[in-house]
Amino acid sequence: MNSVRTVVFDLDGTLVDTAPDLISALNFVLDREGLPPVPLESARTMIGAGARRLIERGLEQDGRSDSPQDITRLTDDFIEYYAAHIADASRPFDGLESALDDLQANGYRFAVCTNKLEWLSKLLLDRLGLSARFAAICGADTFGISKPDPAILQQTVARAGGQLSTTIMVGDAGPDIGVARRAGIPVIGVEFGYTDVPIVDLKPDRLIGHMSELPAAVESLILHRSAF
């Protein structure tokens with residue numbers, strides 16, 4: 001078996017609790033449009049498909065559907081505001097760094113595969129002091145494709161110097177489960193992320209409720225793969 005073992009993570013709702021800053025940016029845009037804010041807790045399930053889709057969902061809360069040109073304008077405003085406030089309240093999920101330490105000590109390398117823009121992903125991880133942890137940080141604009149298209153995961157793994165045969169995906173929502181399934185790799189679902197469909201219903205290979213459970217889940221899947 002290839003000695004390079006890779007764990008690929010989704011970002012929003014998996015590595016980092018970004019909802020407070022994302023929803024703050026969304027509400028900034030909605031307020032400028034004269035629309036009421038969306039509550040943080042109910043809006044968490046709207047995250048995960050990129051900024052443009054988040055804005056569309058925010059507008060839909062008020063029964064509004066804007067033109068593609070207006071959505072582009074609002075998305076630009078959103079990104080400008082979000083970039084300036086990207087780590088005001090966003091924090092890694094509890095136990096993340098200890099889990100990464102344990103996995104790294106066992107020879108794993110890490111990558112990020114997200115539908116967030118690459119430069120925003122790197123900016124966020126830079127601000128949180130996490131960028132150096134990852135051999136590759138790839139977003140929807142890196143290769144011009146988004147999850148669940150398997151090509152984004154395949155190319156992320158390649159950029160990290162890994163092999164699909166020794167890779168595990170970790171994510172919180174449908175696009176993560178879907179991209180892993182289409183790429184033919186096992187996937188761990190986290191119960192603390194952002195999804196409008198309960199993660200258990202998406203049937204990941206393993207399910208964890210805290211990052212402290214991640215190393216054991218990864219090891220069990222790697223052992224399972226090596227047995228076949």
Side-chain angles (χ1 to χ4, degrees), residues 9-66 71 74-75 77-97 99 112-117 120-121 123-125 127-128 130 139-140 146-148 169-179 187-204 206-214:
F9 294 89
D10 172 52
L11 180 49
D12 298 292
T14 301
L15 286 172
V16 182
D17 185 7
T18 54
D21 292 324
L22 285 167
I23 302 308
S24 176
L26 173 62
N27 284 334
F28 168 78
V29 170
L30 294 178
D31 180 68
R32 288 182 56 175
E33 294 296 298
L35 299 175
V38 294
L40 174 59
E41 284 309 309
S42 62
R44 292 170 74 89
T45 60
M46 296 161 54
I47 298 167
R52 188 179 184 92
R53 183 62 186 132
L54 177 61
I55 289 166
E56 290 173 343
R57 288 170 170 169
L59 293 171
E60 288 165 5
Q61 299 297 299
D62 202 59
R64 181 165 147 179
S65 177
D66 285 29
I71 297 295
L74 295 175
T75 301
D77 291 344
F78 171 94
I79 290 172
E80 181 180 5
Y81 181 90
Y82 179 60
H85 299 273
I86 198 164
D88 284 2
S90 296
R91 297 294 181 267
F93 282 104
D94 187 52
L96 172 66
E97 297 205 63
V112 172
C113 181
T114 175
N115 282 345
K116 202 184 198 79
L117 295 173
L120 284 175
S121 303
L123 178 62
L124 172 62
L125 293 171
R127 294 283 173 82
L128 297 176
L130 293 171
S146 302
K147 295 178 292 186
M169 179 76 196
V170 184
D172 68 320
D176 307 310
I177 307 300
V179 75
V187 58
I188 297 169
V190 303
E191 295 179 305
F192 42 78
Y194 317 139
T195 175
D196 54 355
V197 177
I199 189 70
V200 66
D201 294 346
L202 299 173
K203 303 189 184 324
R206 297 287 188 278
L207 193 61
I208 64 172
H210 190 275
M211 274 297 176
S212 61
E213 302 167 28
L214 180 64

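All residue numbers refer to positions in the sequence shown, counting from 1.
Using a 4.5 Å cut-off on side-chain heavy atoms (C-beta onward), Val190 and Ile199 make no contact. Between Phe9 and Leu214 the shortest side-chain heavy-atom distance falls below 4.5 Å. Contact annotation: the side chain of Val187 never approaches that of Val179 to less than 4.5 Å [non-hydrogen atoms, C-beta and beyond]. With a 4.5 Å cut-off on side-chain heavy atoms, Leu26 and Met46 count as touching. Taking the side chain as every heavy atom from C-beta outward, Arg57 and Val38 never approach each other to under 4.5 Å. Side-chain contact between Leu59 and Ile55: present, with at least one pair of heavy atoms (C-beta onward) separated by less than 4.5 Å. Counting heavy atoms from C-beta outward, Arg206 and Val170 have side chains that stay 4.5 Å or more apart. Side-chain atoms of Lys116 and Leu22, non-hydrogen and from C-beta on, do get closer than 4.5 Å to each other.
In this structure Thr45 satisfies the side chain to side chain donor-acceptor pair (under 3.5 Å) test with no other residue, sequence neighbours excluded. For Glu213, the salt bridge (Lys or Arg N to Asp or Glu O under 4.0 Å) criterion is met by no residue, not counting sequence neighbours. Evaluation of the side chain to side chain donor-acceptor pair (under 3.5 Å) rule for Arg32 yields no partner, not counting sequence neighbours.
Minimum heavy-atom separation, Ile79 to Ala51: CG1-CB, 4.4 Å. When all heavy atoms are compared, the tightest approach of Met169 to Cys113 is CE-O, 4.3 Å. For the residue pair Lys147 and Asn115, the shortest heavy atom distance occurs at N-OD1, 2.8 Å. Counting all heavy atoms, side chain and backbone alike, Leu202 lies closest to Ala173 at CD1-C, 3.8 Å. Nearest heavy-atom pair across Asp12 and Tyr194 is C-CE1, 3.7 Å. Between Ser90 and Leu124 the shortest heavy-atom distance is CB-CD1, 4.1 Å.
Between the CG atom of Asp94 and the NE2 atom of His210 there is a distance of 3.5 Å, given to the nearest 0.5 Å. From Met211, atom CE reaches atom OG1 of Thr14 across 6.5 Å, with rounding to the nearest 0.5 Å. Atom CG of Asp196 and atom CD1 of Ile47 lie 11.5 Å apart (nearest 0.5 Å). Separating the CD1 atom in Ile86 from the CG atom in Leu128 is a distance of 8.5 Å, to the nearest 0.5 Å. In this structure, Ile71 CD1 and Glu56 CD are separated by 5.0 Å, a value rounded to the nearest 0.5 Å. Atoms CG and CZ, from Asn27 and Phe78 in turn, are 10.0 Å apart once rounded to the nearest 0.5 Å.
For Arg64, the CZ atom counts as densely surrounded, since its 6.0 Å shell holds more than 12 non-hydrogen atoms of other residues, nucleotides or ligands. Heavy-atom contacts from other residues, nucleotides or ligands closer than 6.0 Å to CD of Glu60 number more than 12.
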What do the steps show when you test Thr75 against Leu54 for side-chain contact (heavy atoms from CB on, under 4.5 Å), and what is the final call? CA-CA 9 Å; Thr75 301; Leu54 177 61; over 6 Å; no
Are Arg44 and Asp17 close enough, and set up right, to give a salt bridge (Lys or Arg N to Asp or Glu O under 4.0 Å), and what steps lead you there? CA-CA 10 Å; Arg44 292 170 74 89; Asp17 185 7; 3.5 Å; yes
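Phe93 and Phe192 have tilted rings, their planes meeting at an angle from 30° to 60° on a 0 to 90° scale.
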